[in-house]
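To keep things clear, I will list the structure first and then write my remarks on it.
A quick note: this is a predicted structure, and the numbers were derived from the prediction, not measured. We use all heavy atoms of the structure for the numbers below, so side chains are in, but hydrogens, waters and symmetry mates are not. A note on names: the letters A, B, ... follow the listed sequences, proteins ahead of strands, and every chain is numbered from 1.
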Protein chains: 2
Amino acid sequence: MAGESSELKKAGLKVTHPRRQILRLLETTEQKHMTADDIYRALVDRGEEIGLATVYRVLSQFEAARLVRKHVFDDGTGRSQQACYELDEGEHHDHMVCLESGEVVEFFDEAIERRQEEIAREHGFEIVDHSMVLYVKPKK
Amino acid sequence: MAGESSELKKAGLKVTHPRRQILRLLETTEQKHMTADDIYRALVDRGEEIGLATVYRVLSQFEAARLVRKHVFDDGTGRSQQACYELDEGEHHDHMVCLESGEVVEFFDEAIERRQEEIAREHGFEIVDHSMVLYVKPKK
DNA sequence: CTAGTTGCAAAAGATTTGCAGACGT
DNA sequence: ACGTCTGCAAATCTTTTGCAACTAG
């Protein structure tokens, strides 16, 4: 049994062709962050028969099943209302997006994570989730 | 001359009725974060004659002129593709959104800001902008 | 006067949904 | 066989744009 199948079953999802294709693509592509359309195109280009609506549906299911993470990065200019998805490998990390190249760098900082917890606590809350994105440009 | 006028002129924008209304609303409302539609409705309800398209246009101009800041918060459930705006009072701050009440709390933490700079530098970048949102719930 | 603005309606872009047929177990 | 999926097209939602009329300076 291929690796993707068990992950799908574990998530309570039937092992269908589209679901397996999408999961496989995310696991093997070198571009870790893809939009629904990126995924749709990549699969169609590779000769798969799949609908864009299905890609969106599967991605939501994967997100609910915690197989993927969804992000909405600004493209700096404010436009880009497009969500992108990446495999959820368990360990949390934040992102840095280069406004010139579009490059996405992942990072994790213990100190910041701790401060975030403290700040939430100081206000009487506890963190459910958080997002932190640094929009950067190459240092001259 | 009313306060809004000079701010508009300083930004190089003609002092028109819609622009003055929107700026005034943002300066006086107690709900600091409003969507374009919130603003449109608030003005129409108060009897002003304004178009939604104008609200969007004016908000972009204000954003470009650094009179307001635009944010796109997840509503936790992933829906909310809606941007909200707040007056840009100069001093930067981040946000904490309560997923149960929708309440938005602003905060600023020197230590986190410093770490962010360092992290960007370590990767050969410099920060242009950043967004950090903590999605929280009341501590039990 | 005249360039910058506005409102309306239509367009656009991303994502969702209804439905009949196809598929996994 | 049966309930779950899927693809397509149409619908939705937010935001943007074209354009003729209007207005601030």
Side-chain angles (χ1 to χ4, degrees), chain A residues 1-2 4-23 25 33-41 43-44 47-65 67-68 70-75 77-85, chain B residues 1-2 4-23 25 33-41 43-44 47-65 67-68 70-75 77-85:
Chain A
M1 174 195 305
E4 306 93 37
S5 306
S6 47
E7 297 183 65
L8 289 172
K9 281 189 185 133
K10 212 177 306 174
L13 297 169
K14 273 190 182 176
V15 180
T16 65
H17 212 243
R19 303 221 255 239
R20 216 204 302 240
Q21 292 299 327
I22 293 174
L23 191 50
L25 175 64
H33 303 82
M34 304 181 84
T35 65
D37 202 64
D38 287 341
I39 294 172
Y40 171 66
R41 287 202 153 88
L43 292 178
V44 169
E48 298 303 329
E49 196 178 279
I50 193 172
L52 179 55
T54 300
V55 174
Y56 275 107
R57 266 185 299 229
V58 170
L59 286 172
S60 317
Q61 297 159 345
F62 281 7
E63 192 192 2
L67 288 172
V68 305
K70 178 185 185 180
H71 303 287
V72 185
F73 299 140
D74 286 12
D75 67 351
T77 70
R79 295 285 150 295
S80 179
Q81 308 277 69
Q82 214 157 188
C84 67
Y85 299 81
Chain B
M1 173 194 306
E4 306 93 37
S5 306
S6 48
E7 297 183 65
L8 289 172
K9 282 189 186 133
K10 212 177 305 172
L13 297 169
K14 273 190 182 175
V15 180
T16 65
H17 212 243
R19 302 220 255 240
R20 216 205 302 241
Q21 292 300 326
I22 292 174
L23 190 50
L25 175 64
H33 303 81
M34 304 182 82
T35 64
D37 202 63
D38 287 340
I39 293 171
Y40 170 67
R41 286 203 154 89
L43 292 178
V44 170
E48 299 302 329
E49 196 178 278
I50 193 172
L52 179 56
T54 300
V55 174
Y56 275 107
R57 267 185 298 228
V58 169
L59 286 172
S60 314
Q61 296 160 344
F62 281 8
E63 193 193 1
L67 288 172
V68 305
K70 179 184 184 181
H71 303 287
V72 185
F73 299 142
D74 286 13
D75 66 350
T77 70
R79 292 289 149 292
S80 179
Q81 309 275 72
Q82 215 155 193
C84 67
Y85 299 80

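Of all non-hydrogen atoms in B:Val55 and B:Ile39, the two that sit nearest each other are CG1-CG2, 4.0 Å. Nearest heavy atom pair, residue B:His33 against residue B:Phe73, reads CD2-CE1, 4.4 Å. Across all their heavy atoms, A:Ala83 and A:Val72 have their closest contact at CB-CG2, 4.2 Å. Closest approach of A:Thr54 to A:Pro18, counting heavy atoms only: CG2-CB, 3.8 Å. The heavy-atom pair separating A:Leu52 from A:Tyr40 by the smallest distance is N-CE1, 3.4 Å.
Heavy atoms of A:Thr54 sit under 4.0 angstrom from at least one base atom. Counting any heavy atom pair closer than 4.0 Å across all strands shown, B:Arg57 reaches a base atom.
One atom, CD of A:Gln61, and another, P of D:dC5, lie 7 Å apart when rounded to the nearest Å. Rounded to an integer number of Å, the gap from B:Tyr56 OH to C:dA11 C1' is 15 Å. Between the CG atom of B:Leu59 and the C1' atom of D:dT16 there is a distance of 13 Å, rounded to whole Å. Rounded to whole angstrom, the span from the NZ atom of B:Lys70 across to the P atom of D:dT16 amounts to 6 Å. The nearest whole Å value for the distance from the OH atom in A:Tyr40 to the C1' atom in D:dC8 is 10 Å. Note: CZ (B:Arg41) to C1' (D:dC13) measures 12 Å, nearest angstrom. The distance between atom CZ of A:Arg19 and atom C1' of C:dT25, rounded to the nearest whole Å, is 13 Å. Atom CD of B:Glu48 is separated from atom P of C:dT6 by 13 Å (rounded to the nearest Å).
Contact annotation: B:Thr16 reaches the phosphate of C:dT6 (side-chain N/O to OP1 or OP2, under 4.0 Å).
Each end of the helix from C:dC1-D:dG25 to C:dT25-D:dA1 yields a helix axis from five base pairs, and these two axes differ in direction by 30° (to the nearest 10 degrees).
Between C:dG24, C:dT15, C:dT6, one nucleotide has an atom nearer to the side chain of A:Lys14 than all others, and that is C:dG24. Of all nucleotides listed (D:dT14, D:dA24, C:dT16), D:dT14 comes nearest to the side chain of B:Gln82.
Between A:Glu49 and B:Leu52, the residue whose closest nucleotide on DNA chain D is further toward the 5' end is A:Glu49.
Atom CD of B:Glu48 sits about 11.0 Å away from atom CZ of B:Arg20, to the nearest 0.5 Å. Residue A:His71 holds its NE2 atom at 6.0 Å from SG of A:Cys84, rounded to the nearest 0.5 Å.
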